[in-house]
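As structure tokens, the structure follows; a few thoughts come after it.
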Amino acid sequence: MTRFRASILLLAGALLAHGVAAAQAPSSPTTVLTTGGEVTVVADRIEQIGADNLVVASGNAELTKGSARLLADRIEINRATGDATAQGRVIFYDGEDRLTGQRIDYNIKTGTGVVYEGEARATPYYRIMGERLERLGESVYRVRRGVFTTCDDDSPSWSFRVGSGTADLQDFVYGTNASFWLKDVPLIPYFPFFAAAIRRERQTGFLAPQFGTSSRKGVFAEIPFYWAITDSQDATLSLDAYSRRGVGGSAQYRYVISRDQRGSLGGFFVHESVTTGDTRGLGSAKHDWQIDPGLSFRADLNAVSDDLVLREYQSELLSRSAQRAESNLFLTKTWSNWNFVGRAYWYQDLTTQRPVELQRVPELTLQGVRQTLPGLPGFLYQVDTSAVNFLRDVGSEGFRYDLHPVVSRPVSLGGYATVTPFVGGRVTLYSVTTTGTHTPLAGGSVIETTKDEPRVRDLVDFGSDAESRASRVYGLGGWGGLDSVLHSIEPRARYIRILGHNFSRLPLWTDQIDRIPKSSWLEYSLTNRLRGRTESPEGTEAERLELLRFVVANAFDFERGRFGNVAGDLLVQPTALVSLHADASYNVEGDGLQTYTSDASLHLSRFTASIGHRYTRQPPQIIPYFVQVPGTFNPGETPDKPSVNFLQGGFTWEVWKHLAVHARTNLDIRTETFVETRYGVDFKFDCWAVSVEYINRSRDSTGQSAEDEFRFSVHLLGLGNVLSSRLGTGVADSGPRFK
């Protein structure tokens, strides 16, 4: 019996030795030569089997070739054909991308293969699943019955499904016979084609379309296309359609020439075929060029087709209420003590159809900072000069040159105060003389009449500044996070006397230079400041904060024999959570409160709110250049009713991590009209969000009817706004500059 068992064991050993060439459990990578080249194999056990030249790696097996890595419980490699079959916990790393599946067939020679019941992940959060993923090349797969999403849950919160498609994990994914699903519900059961960009860099392709409705414009759609022209150029184009207006489009082109030179072109147009048949729009062009450290060029050009296009097609209230479309060309040169600006400025006035715009082509300005006067130690001088050519279709136009030098001498009064007497002269040359004014028969603003006779105004201004400062430090020892506070009191006074010739019959082109009255003006103020220094651990820098600033100022106008207004300015900011700013002007001669503004904000971890109020009884006025605190100027009699009484407020509240609500309103208190009110709700989740916003706009002063607007947006992680009802001029929203 013993001999029989021994014979059986010897026979079994011989059979195994014949069928298995080698078996090993390597502790280091093993190189396997195939027709597709060398691959590196690591596993608990590697076997080479028989005449068909098959290598089997089992137990934590890993195959590596270049940037491709294949991991599985078992990998079979055919040396002759270069085919590799992986089964059991299969993971395939294709560069930075990761694929998993039940089984992977991979050809080492061609780099192609098939992942069955597979899933591919592309950084940072893209997932592509399919019944069959066929590898066509590095990071490129043909997908059968595929699913695309950026959600991590097993049954994705949202997904696009395609019958067949192609996924380039470094670029894009697209497919046919598509549908859009929420969980297991087909929200959009069918659309013929789907495409999405997943490339980390810029690439050409369609962006998410936008849809919505407006009571003025009807149902609308915007279909944008992004064009990556070169590494330094790109453009966004959009086709826009409005059911109650017509069809149009928008575009924005951006370019970078060098580190110091870049710019953009943008515009929007609409052909109102449903209504008037007119073509309307707006456009902008910007260019910035830092020629050298002290020399720069900048262009900022904006234009509109008509006065109402912004009100009807812009979304934000600031743009809708713009009164001008401004264009500027700047050439700036700076030195240590001088600054030169060459400017061409023109604009479109959106408040009137009459061509009353006053263009400045060109405007040359040379300004000097206060500097030592050569040959006179302790004396300082400053020179401001300008030359402007004014152009206008309706009203006065001409040329003006202005020169204003000032010499001063600071004198210290024992370190307690500084008195700075100053004296200056001003010469202003005009190419025309004003002969009168008239009101056009068609109505509108008063127009100056002039004659071609030069006029020179010469002025002398002299006076003195006086200022002092007293301060004291109080230690807090860490109370409220502050180590100490510094309280300072800063009194200041200024007197200026202006005398001269030819104050009248001057063209009124710019207020600060042309409207200078004969003056004897005394202005005085007192500033209280409270600054804090935070506690700081050793080796760190303490933070310095302005906790409070309170300024009160008044003036006396000797020329008119009356007091100016009492003006106050208050800033309170005890912490980063709360801030308050207010200023006011009060007439002490019986007219009472003239103007005030107030702004308050609150910033908590999940709640922010702000409110602001604007009130003034004074109509638009000209404040002379020498008034340092504008609120002290008393223009005289003021109307009983306010010209501005406006309230703005809003808040954002994150109710919980998935829900936020926000609202914003603009109320004209004079007319008891809500100019614009917005209410919104945002639902936010890991891979998607929904925003709902309702906007109500009242009838405005131009006769525009009230408008109700509803916006609905779906934000999908990695894809942006796939469904959106944002109304506006699309890419032009961030381009033009209007005032």
Side-chain angles (χ1 to χ4, degrees), residues 160 172-176 178 180 188 190-197 199 202-230 233-255 264-286 302-306 308-316 319-320 691 693 695 707 709-716 718-736:
F160 288 94
F172 59 88
V173 57
Y174 64 89
T176 57
F180 179 70
I188 304 177
Y190 174 79
F191 48 97
F193 182 78
F194 164 76
R199 185 177 177 181
R202 304 174 309 137
Q203 74 163 6
T204 298
F206 282 97
L207 302 177
Q210 302 171 15
F211 307 95
T213 182
S214 163
S215 59
R216 290 181 184 173
K217 304 170 191 64
V219 178
F220 65 87
E222 300 176 6
I223 304 174
F225 178 80
Y226 178 76
W227 181 16
I229 304 171
T230 66
Q233 301 177 79
D234 62 23
T236 307
L237 312 173
S238 178
L239 175 65
D240 305 338
Y242 306 91
S243 63
R244 295 185 182 178
R245 295 295 178 90
V247 178
S250 56
Q252 188 168 28
Y253 165 70
R254 297 162 290 267
Y255 60 90
S264 65
L265 300 171
F268 162 79
F269 81 95
V270 59
H271 179 61
E272 296 182 334
S273 57
V274 179
T275 54
T276 62
D278 295 335
T279 298
R280 308 169 65 192
L282 54 93
S284 70
K286 302 180 187 296
N302 302 279
V304 296
S305 61
D306 58 87
L308 299 180
V309 66
L310 294 177
R311 291 181 176 89
E312 296 181 11
Y313 288 97
Q314 284 284 330
S315 175
E316 294 300 321
S319 297
R320 294 170 61 87
S691 297
E693 186 175 35
I695 304 171
E707 180 180 20
E709 184 176 313
F710 178 76
R711 302 182 182 183
F712 174 78
S713 303
V714 176
H715 311 260
L716 304 181
L719 298 183
N721 298 350
V722 173
L723 300 175
S724 173
S725 59
R726 185 185 61 81
L727 176 64
T729 59
V731 300
D733 280 347
S734 60

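All heavy atoms count here, side chains included; hydrogens, waters and symmetry mates do not. Being a predicted model, the structure only gives us computed values, none of them experimental.
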> Are Phe194 and Phe180 close enough that some pair of their side-chain heavy atoms sits under 4.5 Å apart?
Replying inline: no
> What are the two closest non-hydrogen atoms of Ser264 and Arg254, and how far apart are they?
Replying inline: CB-CG, 4.1 Å
>> I want to check something: taking the side chain as every heavy atom from C-beta on, are Glu707 and Ile695 in contact at a cut-off of under 4.5 Å?
In response: no
> When you measure from the side chain of Ser305 to the backbone N and O of Gly281, does any donor-acceptor pair fall under 3.5 Å?
Replying inline: yes
>> Could you measure the distance from the CG atom of Asp306 to the CG atom of Leu282? Nearest 0.5 Å is fine.
In response: 9.5 Å
>> So, taking the atom named OH in Tyr255 and the one named CG in Leu265, what distance separates them when rounded to the nearest 0.5 Å?
In response: 6.0 Å
>> Less than 4.5 Å apart, side chain to side chain, heavy atoms only: is that true for Phe268 and Gln252?
In response: no
> Should Ile229 and Tyr253 count as side-chain neighbours, where that means a heavy-atom distance under 4.5 Å?
Replying inline: yes
> Any side-chain heavy atom of Thr276 sitting closer than 4.5 Å to one from Arg245?
Replying inline: no
>> Can you classify the ring geometry of Tyr174 versus Phe172 as parallel (below 30°), tilted (30 to 60°) or perpendicular (above 60°)?
In response: parallel
> Can you tell me how far the CH2 atom of Trp227 sits from the CG atom of Asp234, to the nearest 0.5 Å?
Replying inline: 10.5 Å
> Just how far is it from atom CZ of Phe710 to atom OG of Ser214, taken to the nearest 0.5 Å?
Replying inline: 13.0 Å
>> Looking at every heavy atom in both Ala251 and Leu237, which two are closest together, and how far apart are they?
In response: CB-CD2, 3.6 Å
>> Using every non-hydrogen atom in the two residues, find where Phe269 and Val247 come nearest and quote the distance to one decimal.
In response: CE1-O, 4.5 Å
>> Looking at Arg244 and Ser215, would you say the former's side chain and the latter's main chain have a donor-acceptor pair under 3.5 Å?
In response: yes
> Looking at residues at least two apart in the chain, or sitting in another chain, which of them share a salt bridge (Lys or Arg N to Asp or Glu O under 4.0 Å) with Asp278?
Replying inline: none
> Has the side chain of Lys217 got a donor or acceptor atom that lies under 3.5 Å from a matching backbone atom of Glu312?
Replying inline: yes
>> Ignoring hydrogens, what is the shortest heavy-atom contact between Thr213 and Phe220? Give both atom names and the distance.
In response: N-CE2, 3.2 Å
> With a 4.5 Å limit on heavy-atom distance, are the side chains of Glu222 and Asp240 in contact?
Replying inline: yes
